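Below you'll find the structure, written out as structure tokens, and then a few comments.
Basis for what follows: all heavy atoms, side chains included, without hydrogens, waters or symmetry-related copies. Everything numeric here is computed off the predicted structure, so don't read it as measured data. One-based numbering, in listed order, for ligands and for the atoms of each.
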Amino acid sequence: MDFSIPEHVQDITRRVRQFIDQEVIPLEAHLEEHEDGLTPAQLDALRAKAKAAGLWCPQLPKELGGLGLSLQEIVPVFEAAGRSLIGPVALNCSAPDEGNMHLLHMFANEEQAERYLKPLAAGKIRSAFAMTEPAPGAGSDPTMLKTTAVRDGDEWVINGHKWFSSGARGAAFLIIMAVSNPDVPTHKGSTLFLAPIETPGIDIIRDVPIMGAKDLGGHCEIKFHDLRLPNSAILGEEGHGFGLTQKRLGPARMTHCMRWTGIAQRALEIATQYASEREAFGSALTGHQAIQWMLADSAIDLHAGRLMINQTAWLLAQGQEARQESSMCKVFVAEAVNRVLDRAIQICGAKGISRDLPLSKWYEAARAFRIYDGASEVHRMVIARQVVKAYSS
Ligand SMILES: Cc1cc2nc3c(=O)[nH]c(=O)nc-3n(C[C@H](O)[C@H](O)[C@H](O)COP(=O)(O)OP(=O)(O)OC[C@H]3O[C@@H](n4cnc5c(N)ncnc54)[C@H](O)[C@@H]3O)c2cc1C
């Protein structure tokens, strides 16, 4: 495996880093006073600047207006964008739209691509992916899916209850996972549907309040009451919902890891800066071994995480499923990012807890990373299954 970063990727990474420093990080101050995030006008202006700077959608092919970078090539670029929680939204490479664009690019037919993918890639609309349901429905175990899609002539009638559909408030459409054939196991009998948000029968009940900064479009609880969709709303093929979702989730896990590495790297930089300036017991904090070890452990966590991301992206690029590696990478990076943020707060003392630094907000936001896209325990279960299969007698 070649670890060198091609010249053009280094150049884009440098320019993204500069854009984040000059255009994005100054806007973080606005978030301190406005918990609803950037205004639509601010976001539009920021996105226009990203387009003008030639940094729009690094992950998309050029014919869709992107930079045409591969999964491996976006690793340092997404990390640079992820140095601010607003960075990925500015470049149109944030969750859930980035994963949804990837899914649509792989499986949308021409009409669906025209209607959903192109405006999403242009940043004209947003989207949401509605799979998770409150108990007793699908969560860690997607085979517990309760939302149903029943065929009625050329239409499907969908009923169900979802929550944590990120970005749904203000989205133009939902990608809905539903059981379309209850007579076969759920993983063979579920289907993905594309539903314009204004379709009668979609009821956004609330934006579930969560810890951490508010994300664009929130994390919505939604009910479907006799939602009628035409047969042409099916993404891919009927009964293929699970397979398609796996194709979306594999790379989407990696891109979450890339973006969060950017925040963790910035946290290490902030902690090191504080420790080099703050004095206690006769020296700068960096002179104390306990602080040095925390800095070293965070540097090790970041380095190991980057190597795992790169290797998993490389395997996926070879056409391998890399299930084991992507689970290992997701668990490690999600937990490493939380460790790095925790140490950074500890090193910065009271200032780390204060809102004068961004660390406490990131700490709150990063906690969810150990739960979404598969909780750490579920990934460990998957990893252990393979270990037992390989090494038990
Ligand atoms: C911020 C955020 C954004 C999200 N965005 C989306 C989205 O856009 N679309 C969407 O569909 N979903 C989304 N989700 C939902 C997310 O995918 C689920 O939360 C996740 O799959 C876990 O499901 P659950 O919350 O129902 O947990 P549960 O299934 O109720 O599990 C609870 C806990 O039990 C433990 N557990 C579960 N299984 C096992 C096991 N086998 N062994 C040991 N322990 C286990 C884990 O610790 C887990 O955290 C989001 C969640 C969050 C927090």
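Contacts with ligand 1 closer than 4.0 Å are made by side-chain heavy atoms of Val378 only, the backbone lying farther away. Counting heavy atoms under 4.0 Å from ligand 1, residue Lys162 does not touch it at all. Contacts between Ala375 and ligand 1 below 4.0 angstrom, taking non-hydrogen atoms only, involve the side chain exclusively. Contacts between Met131 and ligand 1 below 4.0 angstrom, taking non-hydrogen atoms only, involve backbone and side chain alike.
Taken from CZ in Phe78 to OG1 in Thr13, the straight-line distance is 11.0 Å, to the nearest 0.5 Å. With values rounded to the nearest 0.5 angstrom, Ser298 atom OG is found 14.5 Å from His303 atom NE2.
Not counting sequence neighbours, the partners of Val184 by the side-chain contact (heavy atoms from CB on, under 4.5 Å) test are Asn181, Lys188. Scanning for ring-ring contact (aromatic ring centres under 6.0 Å, His included) contacts around Phe173 gives Tyr116, with sequence neighbours left out.
Ring orientation note: the planes of His288 and Phe281 are nearly perpendicular, at an angle over 60° on the 30°/60° scale.
Among the atoms of Ala138, none of the N or O lies under 3.5 angstrom from an N or O of ligand 1.
Distance from atom 32 (C) of ligand 1 to its nearest protein heavy atom, with residue and atom name: Ser140 OG, 4.5 Å.
Within the 4.0 Å cut-off (strictly below), no protein heavy atom is located near atom 30 (O) of ligand 1. Protein heavy atoms all stay at least 4.0 Å away from atom 34 (O) of ligand 1. Under the 4.0 angstrom criterion, atom 6 (C) of ligand 1 counts as having a protein heavy-atom contact.
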- Task: Show the numbers, then the answer: is there a side chain to side chain donor-acceptor pair (under 3.5 Å) between Glu269 and Gln273?
- Result: CA-CA 6 Å; Glu269 291 166 18; Gln273 190 67 34; over 6 Å; no
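Every atom of ligand 1 is numbered from 1 in the order shown, and the set under 4.0 Å from a heavy atom of Met381 is 41 (N). Atoms of ligand 1 found under 4.0 Å from any heavy atom of Glu377, numbered from 1 in the order shown, are 43 (C), 44 (N), 45 (C), 46 (C), 47 (O).
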